[in-house]
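Below: one structure, written as structure tokens.
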Amino acid sequence: MGRPGTDSRTPLLDQLQGPASLRNLNDDDALKQIADELRTELLDAVSVTGGHLGAGLGVVELTVALHAVFDTPNDRLIWDVGHQAYPHKILTDRRDRIRTLRQGGGLSGFTRRSESEYDPFGAAHSSTSISAALGMAVARDAKGEQRNVIAVIGDGSMSAGMAYEAMNNAGAMASRLIVVLNDNDMSIAPPVGAMSAYLSRLISSRPYRSLRHLVRDVTAMMPSPVARAAKKAEEYARGFVTGGTLFEEMGFSYVGPIDGHNLDHLLPVLRNVRDWRDPGPILVHVVTEKGHGYAPAAQTADKLHAVARFDVVTGTQVKATPAAPSYTAVFGRALVAEAEADPLVVGITAAMPSGTGIDAFAKRFPDRTFDVGIAEQHAVTFAAGLAAEGMKPFCAIYSTFLQRAYDQVIHDVAIQSLPVRFAIDRAGLVGADGATHAGSFDIGYLGMVPGIVIMAPADEAELMHMVATAAAIDDRPSAVRYPRGEGTGAALPARGEPLEIGRGRIIREGGGPIAILSLGTRLQESLKAAEELDALGLRTTVADARFAKPLDAALVDRLAREHEVLIVIEEGAIGGFGSHVLHHLAVSGALDAGLKIRPMVLPDRFIDHDTPAAQYEAAALNAAHIVATALTALGTSRHEAGLKPSLVG
Ligand SMILES: Cc1ncc(C[n+]2csc(CCOP(=O)(O)OP(=O)(O)O)c2C)c(N)n1
Ligand SMILES: CC(=O)[C@@H](O)[C@H](O)COP(=O)(O)O
Ligand SMILES: [Mg+2]
């Protein structure tokens, strides 16, 4: 691959008019050049935008081959997770926008139906592609239409139960379906689990098939079961112990392993698979390298899974120096402190050790750390089993990914009142990953679960106290939810002090008509708003709820009784903390006295990718919005109050 301008060949990528022009080339050598140019363009674009890099680098040749062989967009191409789809986006009508990736108003960092006809299914949460592809294949057959449906799923994403649910169903159906297993022996971290070990054995036991073998394998599958029986007989004759791969046992035809960077192999095999007319699913096992073709990727443990802006020549990333440790890092520190004091404390992650801070715990307590792979449902019930036997499991899962294990939280944990501790990272807005990753719903979806304790720290010191509080709760589930990114710089204790469950705290006594009850890290904005209101002679009370559940009813009643206006603010969707406060005040009759209560929550819509600052402005949860809400409730405009005009009126 040459760097831009160093490749003496006539550029071809610039001449492409979408994937159809790839197919019209009829020149495999030209496709190889296009792959080189595509990798260069990918590097150049992501060096400017940042984002997910390693996965896309690993599928450059595969992306070219898929679009060169299949009649996209009529043939449906579904990318699992979608973080590897930047080359796909460059080849499919979005090259001109690729440098807007993950920015407000720009391209999504994942596939998205609304973005392009070449994105038949949205993604970002893993392991959905086979299910969606099977649905599209069955719809095709039901409508008598003709097309191929191809799901591209990674080895890491093959560790989620949903992938097996889909294969189990597909393997028993006649619908023609193509699954490309993109096996780069990586998840975000090195892969874990028996499936990963199996795939490694499969690859080592079946060295790259020669082209002749590959074409023969596919040919043998084509005409009829007779040829397949002959092949099976040959395999038995050659001493194959089993009937073949796990995938074949599940009703798939299997082709591979294939070198996923070798277009001389990829193209003929995919063409054969395209023309294969036998009923049922086929799995094409493609072996790739995450970060392929870019030396700095090979030198990093995570193969440059996600990067900030970087220098293409050196691979050096441009990272701002955080002013304070991240909530994630503080969680890791807090968990280590609890584990040093209590050998029953264990840490669980679902394939996100670095993202959750469990990697720090693992360094200190490798034998008490469990990475279960991309398997959130299993992680929760695995934790329930541990808790049932007296262990103290901390299950660290992003808010958005915990959505996948909701029934396990209720059915396996809460109904049995098992003391699983949920460390819910990325709770709230997450910036560039956008709506699919926003942690908007956890207060809502957990808040209705009887018995669970839900905490939200105002800063990172509070986070340590809440981890200690959770560690001490041995009779029911507990959850601590905290945001992505750095903390406030608060001084940190060596170890947290358990809090009194269900007790909030008054941060500043106002004495005026307005009170603000904040849950979580919106406290900083609430204090700024109080300062502004003070300046108007409206001395404002600010309280930190600390607990969404159980609610501090005494605190809520006092705020309601002593103030004319009560603002309740949280970084969560409607149906969360504010709803619980409203419910309590309505049931208790406190609203009958005419309290002007204003819940402030995330807008009731999905908030697209953007910078965090832009997202908070869009969410209207900043100090200026709090001031405006309070004044409006009071019946005073900012003008009457003598405040300079604000964007929020
Ligand atoms: C349900 C879910 N859990 C966790 C993640 C976070 N995540 C994004 S990519 C990834 C690794 C995927 O590995 P693989 O499928 O092998 O793709 P590769 O990055 O190797 O191309 C993980 C864990 C996710 N997107 N969805
Ligand atoms: C693709 C994916 O789902 C993860 O890589 C996710 O983007 C990580 O999010 P953070 O960057 O917040 O850890
Ligand atoms: Mg992988």
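Note that ligands are numbered from 1 as they come in the structure, with each ligand's atoms numbered from 1 the same way.
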*asked:* Determine whether Asn622 and Glu617 satisfy the following criterion, side-chain hydrogen bond (donor to acceptor under 3.5 Å, both in side chains), listing intermediate values before the conclusion.
replied: CA-CA 7 Å; Asn622 289 331; Glu617 198 51 43; 3.0 Å; yes

*Decide side-chain hydrogen bond (donor to acceptor under 3.5 Å, both in side chains) for Asp119 and Thr111; before the verdict, give the C-alpha distance in whole Å, the side-chain angles of both, and the deciding distance to 0.1 Å.*
CA-CA 6 Å; Asp119 292 5; Thr111 51; 5.1 Å; no

_From CA spacing to verdict: side-chain hydrogen bond (donor to acceptor under 3.5 Å, both in side chains), Glu37, Thr40_ = CA-CA 5 Å; Glu37 292 178 31; Thr40 301; over 6 Å; no

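Every atom of ligand 1 is numbered from 1 in the order shown, and the set under 4.0 Å from a heavy atom of Ala55 is 19 (O), 21 (O). The ligand atoms of ligand 1 that sit less than 4.0 angstrom from a heavy atom of Gly154 are 14 (P), 15 (O), 16 (O). Listed by atom number, the atoms of ligand 1 under 4.0 Å from Asp155 heavy atoms are 16 (O). Close contacts of ligand 2 with Arg484, meaning ligand atoms under 4.0 Å from a residue heavy atom, involve 10 (P), 11 (O), 12 (O). Interface atoms of ligand 2 facing Phe110, defined by a heavy-atom separation under 4.0 Å, are 1 (C). The distance from ligand 2 to the heavy atoms of Phe401 drops below 4.0 Å at these ligand atoms: 3 (O). Using a 4.0 Å cut-off to heavy atoms of Ser126, the atoms of ligand 1 that qualify are 1 (C), 2 (C), 24 (C), 25 (N), 26 (N).
From the protein, the heavy atom lying nearest to atom 25 (N) of ligand 1 is Ala124 O, 2.7 Å. Nearest non-hydrogen protein atom to atom 14 (P) of ligand 1 is Gly156 N, 3.5 Å. The nearest heavy-atom contact from the protein to atom 23 (C) of ligand 1 is Ile374 CD1, 3.5 Å. For atom 5 (O) of ligand 2, the closest non-hydrogen atom on the protein side is His305 NE2, 2.8 Å. Regarding atom 4 (C) of ligand 2, its nearest protein heavy-atom neighbour is His52 NE2, 3.9 Å. Of all protein heavy atoms, the one closest to atom 10 (P) of ligand 2 is Arg426 NH2, 3.5 Å. The protein heavy-atom contact nearest to atom 11 (C) of ligand 1 is Ser187 OG, 3.3 Å. Protein heavy atom nearest atom 15 (O) of ligand 1, with residue, atom name and distance: Ser157 OG, 2.6 Å. Taking atom 7 (N) of ligand 1 as the reference point, the nearest protein heavy-atom neighbour is Ile188 CD1, 3.7 Å. Protein heavy atom in closest approach to atom 5 (C) of ligand 1: Phe401 CZ, 3.4 Å. At the shortest separation from atom 7 (O) of ligand 2 among protein heavy atoms lies Asp433 OD2, 2.5 Å. The closest protein non-hydrogen atom to atom 6 (C) of ligand 1 is Met352 SD, 3.4 Å.
When Arg404, Glu376, His125 are ranked by how near their heavy atoms come to atom 3 (N) of ligand 1, first place goes to Glu376. By heavy-atom distance, the residue among Lys290, Met186, Glu289, Lys303 lying nearest atom 19 (O) of ligand 1 is Lys290. Between atom 18 (P) of ligand 1 and the options Met158, His83, Gln403, the minimum heavy-atom separation is to His83. Among His305, Met162, His52, His437, the residue whose heavy atom sits closest to atom 9 (S) of ligand 1 is His305.
Neither the backbone nor the side chain of His125 has any atom closer than 4.0 Å to an atom of ligand 2 (non-hydrogen atoms only).
Considering all non-hydrogen atoms of both residues, Ser108 and His609 come closest at CA-CE1, 3.5 Å. Nearest heavy atoms, Ile130 versus Ala166: CG2-CB, 3.5 Å.
Of the charged side-chain nitrogens involved, at least one lies within less than 4.0 Å of a carboxylate oxygen, so that Arg39 and Glu61 count as a salt-bridged pair. Between Arg364 and Asp359 no salt bridge is recorded (no basic side-chain N to carboxylate O distance below 4.0 Å). Ion pair Arg95/Glu41 flagged as a salt bridge, since at least one NZ, NE, NH1 or NH2 atom sits closer than 4.0 Å to an Asp/Glu carboxylate oxygen. Salt-bridge annotation for Asp433 and Arg102: present, with a side-chain N of the basic residue lying under 4.0 Å from a carboxylate O of the acidic one. Under a 4.0 Å N-O distance rule, the pair Lys89/Glu115 qualifies as a salt bridge.
Among the atoms of Met186, an N, O or S atom falls under 2.8 Å from the Mg ion (ligand 3). The Mg ion (ligand 3) lies under 2.8 Å from an N, O or S atom belonging to Asn184. Coordination check, Asp155 versus the Mg ion (ligand 3): passed, since an N/O/S atom of the residue sits under 2.8 Å.
With Phe422 as the aromatic partner, Arg481 does not meet the cation-pi criteria of under 6.0 angstrom to the ring centre and within 45 degrees of the ring axis.
Note on ring orientation: taking the six-membered ring where Trp is involved, the planes of Phe331 and Phe394 are tilted (angle from 30° to 60°).
Put simply, the residue from Arg333, Arg426, Glu460 that forms a side-chain hydrogen bond (donor to acceptor under 3.5 Å, both in side chains) with Thr328 is Arg426.
No close placement of the Phe110 and His83 rings is indicated, their centers lying 6.0 Å or farther apart. Taking the six-membered ring where the residue is Trp, the centroids of Tyr445 and Phe441 are separated by 6.0 Å or more. No close placement of the His437 and Tyr398 rings is indicated, their centers lying 6.0 Å or farther apart.
Defined by atom type and a distance below 3.5 Å, a donor-acceptor pair is missing between the side-chain atoms of Glu525 and Tyr616.
Considering backbone and side-chain atoms alike, Asn184 places an N or O below 3.5 Å from some N or O of ligand 1. Remark: ligand 2 and His437 share an N or O pair separated by less than 3.5 Å (distance only, no angle test).
Heavy-atom separations between Gln84 and ligand 1 are all 4.0 Å or longer.
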